[in-house]
Amino acid sequence: MEETSTMPDAAVPGPAPAVPPTPPVPLAALLAREDLGLRQIAGPQDSATVIHWAHTSEMADPYPYLLGGELLLTAGVHVPEAAGSGTYFDDYVSRIVEAGGAALGFGVAPVHDTVPRALVVACDDYGLPLVEVPPRTTFSGVARAVWQLMAQARHTELRRVTEAQQSLAAAAARPDPVPSVLRQLAQRVGGRATLYAPDGGEVASAGRMPGAGGGGGGGEVSGALAGLVAVVRPTTRGGSGGVKASGGGGGPTPSSASDTAAGVHLAAYALGTGQGFVLGVAAPRRDPGDHTIASVGAVLLSLLTGEHQSSTGAARSSALVRLLLGAAPEEVAPLLGGGERWVVVHARPDGPAPDAVTASALGAALGSALVDVDGDVVRVLVPAGHRELTVQPGWTCGVSAPVGSHDWASADTQAGRALSRARATRARLVRHGEHQGLTDLVPPTEAAAHARTLLSPITANPALTETLRTWLSLHGSWDRTAVALSVHRNTVRQRITRCATLLSTDLADPDVRMELWFALRHA
């Protein structure tokens, strides 16, 4: 008999069976299908028995072809005539159990009129559920029923996950977001959710700790969860025996991990990058969607706890208050965690207008939580020298020159102009003043005085000044200037004509253009 399932490495059995992350089907649900007429005749009748798929095989040793979690279907073609008097069925069933098979389905007819008695005894001895498949039921019909039940389970689980995501998002918008998210998460997983501080202490928690008879104590479970939390905390080094990492953190410790203690499923999730906060979850069971639900909770808590890191949330609030009350920027800058030099970044996404979440993600990538969403542009105030500012996928960026805190406003203007040039030239990132030229040889005070005199006829109209600056920077291109300024090309022509009239000059002359460009750079 030829094996019905082909696997490239089927002849090499693994050290332990592994089941796929698909919604399992309770064996009881399959037995309840009246159209199949299945009947369990041996093995434990446990409601917790689940199957992950149905697989047909007539091999005398199906072990190399099983992954674990199967309902193995056979008509007994492989059974020799004298099997009932030897150890054949014991060997056969033991190999199925060793491979991780969930249950055995034996088809009555056309080979056997009844299920062999020795097979029934062997399944009872090894604790393998044995299901009798009547003659009217085909193996393909059983497999189809398994997939139908699996599809129903997947739909139910997806709906549960979707509802949980919506409720967690709503909880994050409440006045007490952190406790609300923890309460909703604990309710959705049927256990306890705890937020741990960078020092390992509990910040907040919700729900009941499972284990210890279902009481609210569960000291053993609490200790095991705290130990698992220590494994994923960014400052922790080393590992813990028996812990299975379920995520990748790019460092010596995982970003999430799972374990069990006293029959309780434990999971821990490191929040953000280097924050030190960790979400711990303890649940009496692990359904397929629980990891997704907990991960959503971890993302929301990452955003919420980002405001409570040392010298960030409270310090930024203090800095804002001081600015509003008249303090100088150089006085409040130390509260923001930066040094003496800063750069301003203006960024525009390739897709839809940015929201608070995408803006925060960009700020995290640039190394700063000082983010402002201004229409379709995100502005980020970044301490200079903390990390190299590089091209961000999906964003067009303009970067100012490094400045002191007293020149933040000037840097903001520089970044805006750099972004306009980046968009017009289709560059991903443009820095202000990257290259020095002959104009840098002129003392700044003299250059500024010359610029004020030369440009005085148009300085009263910022639109004319900015249009002239952009038009000159783009070599007189009407279309690219219109794109950079988000105006019609006819508007650009009208403004440039007006500039030429007020300045009483010929803008087609390259010497004139050079002179004006010099003045605009120092204005």
Side-chain angles (χ1 to χ4, degrees), residues 341-355 358-368 370-403 407-440 462-489 491-493 495-496 499 507 510 513-514 516-523:
R341 307 287 284 175
W342 302 77
V343 295
V344 176
V345 178
H346 280 213
R348 184 166 178 169
D350 296 342
D355 55 20
T358 55
S360 297
L362 175 65
L366 295 175
S368 176
L370 304 173
V371 178
D372 172 49
V373 180
D374 185 10
D376 57 358
V377 173
V378 176
R379 302 190 298 176
V380 188
L381 183 60
V382 182
H386 278 203
R387 67 174 67 177
E388 179 67 19
L389 296 182
T390 58
V391 172
Q392 300 300 314
W395 294 87
T396 300
C397 299
V399 182
S400 74
V403 299
D407 285 328
W408 281 344
S410 299
D412 184 49
T413 302
Q414 293 174 2
R417 291 172 180 169
L419 175 60
S420 296
R421 183 167 180 80
R423 293 186 60 221
T425 58
R426 296 176 182 173
R428 280 298 181 181
L429 186 146
V430 170
R431 303 175 188 271
H432 175 82
E434 282 187 311
H435 305 289
Q436 291 187 338
L438 293 175
T439 57
D440 296 305
L464 293 180
T465 305
E466 190 59 28
T467 301
L468 179 60
R469 183 195 313 277
T470 305
W471 183 74
L472 289 173
S473 73
L474 298 174
H475 311 290
S477 171
W478 308 108
D479 292 331
R480 290 197 293 169
T481 302
V483 171
L485 298 177
S486 299
V487 299
H488 196 275
R489 67 194 305 269
T491 301
V492 176
R493 286 183 177 273
R495 292 179 182 178
I496 295 302
C499 288
L507 293 181
R513 291 191 183 191
M514 181 185 68
L516 289 173
W517 180 247
F518 176 90
L520 287 167
R521 286 192 60 190
H522 293 85

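Everything quoted here is computed from the prediction, not taken from an experiment.
- Under the rule for a salt bridge (charged side-chain N to carboxylate O under 4.0 Å, His left out), R513 has no partner lying at least two apart in sequence or in another chain.
- Taking the side-chain contact (heavy atoms from CB on, under 4.5 Å) definition, one finds that A427 meets it with T425, V430, sequence neighbours left out.
- Not counting sequence neighbours, the partners of R428 by the side-chain hydrogen bond (donor to acceptor under 3.5 Å, both in side chains) test are D350.
- Across all their heavy atoms, H346 and G416 have their closest contact at ND1-CA, 3.4 Å.
- R341 places a side-chain N or O within 3.5 Å of a backbone atom of P402 that can act as its donor or acceptor partner.
- Taking both residues in full, the closest heavy atoms of L381 and S368 are given as O-OG, 2.6 Å, listed atom of the first, atom of the second, then distance.
- In this structure Q414 satisfies the side-chain contact (heavy atoms from CB on, under 4.5 Å) test together with S400, A401, H432, sequence neighbours excluded.
- In this structure, T467 contributes its side chain and V492 its backbone to no donor-acceptor pair below 3.5 Å.
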Side-chain polar contacts of residues 392-399 - donor-acceptor pairs under 3.5 angstrom, sequence neighbours left out - could you list them?
unit_1 : atom_1 : unit_2 : atom_2 : d
Q392   : NE2    : T390   : O      : 3.1

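- The OG atom of S477 sits 12.0 Å away from the CG atom of L472 when rounded to the nearest 0.5 Å.
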Intermediate values then yes/no, side chain to side chain contact (heavy atoms under 4.5 Å, CB included), D372 and V378: CA-CA 6 Å; D372 172 49; V378 176; over 6 Å; no
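- Closest of all the heavy-atom pairs between V344 and A415 is O-CB, 3.3 Å.
- When the ring-ring contact (aromatic ring centres under 6.0 Å, His included) test is applied to W478, the partners found at least two apart in sequence or on another chain are W471.
- The ring-ring contact (aromatic ring centres under 6.0 Å, His included) search around W408 returns W342, not counting sequence neighbours.
- Contacts of T481 classified as side-chain hydrogen bond (donor to acceptor under 3.5 Å, both in side chains), with partners at least two apart in sequence or in another chain: none.
- Closest approach of P354 to V373, counting heavy atoms only: O-CG1, 3.8 Å.
- Listed here is the closest heavy atom pair of A424 and A484: CB-CB, 3.9 Å.
- Rounded to the nearest 0.5 Å, atoms CG (L389) and CG (L429) are 7.5 Å apart.
- By the side-chain hydrogen bond (donor to acceptor under 3.5 Å, both in side chains) test, D374 is found to be paired with no residue, residues two or more places apart in sequence or in another chain being considered.
- For R469, the side-chain contact (heavy atoms from CB on, under 4.5 Å) partners at least two apart in sequence or on another chain are R417, T465, E466, W517, L520.
- Residues passing the salt bridge (charged side-chain N to carboxylate O under 4.0 Å, His left out) test with R423: none are found, sequence neighbours excluded.
- With sequence neighbours left out, the salt bridge (charged side-chain N to carboxylate O under 4.0 Å, His left out) criterion links D412 to R379.
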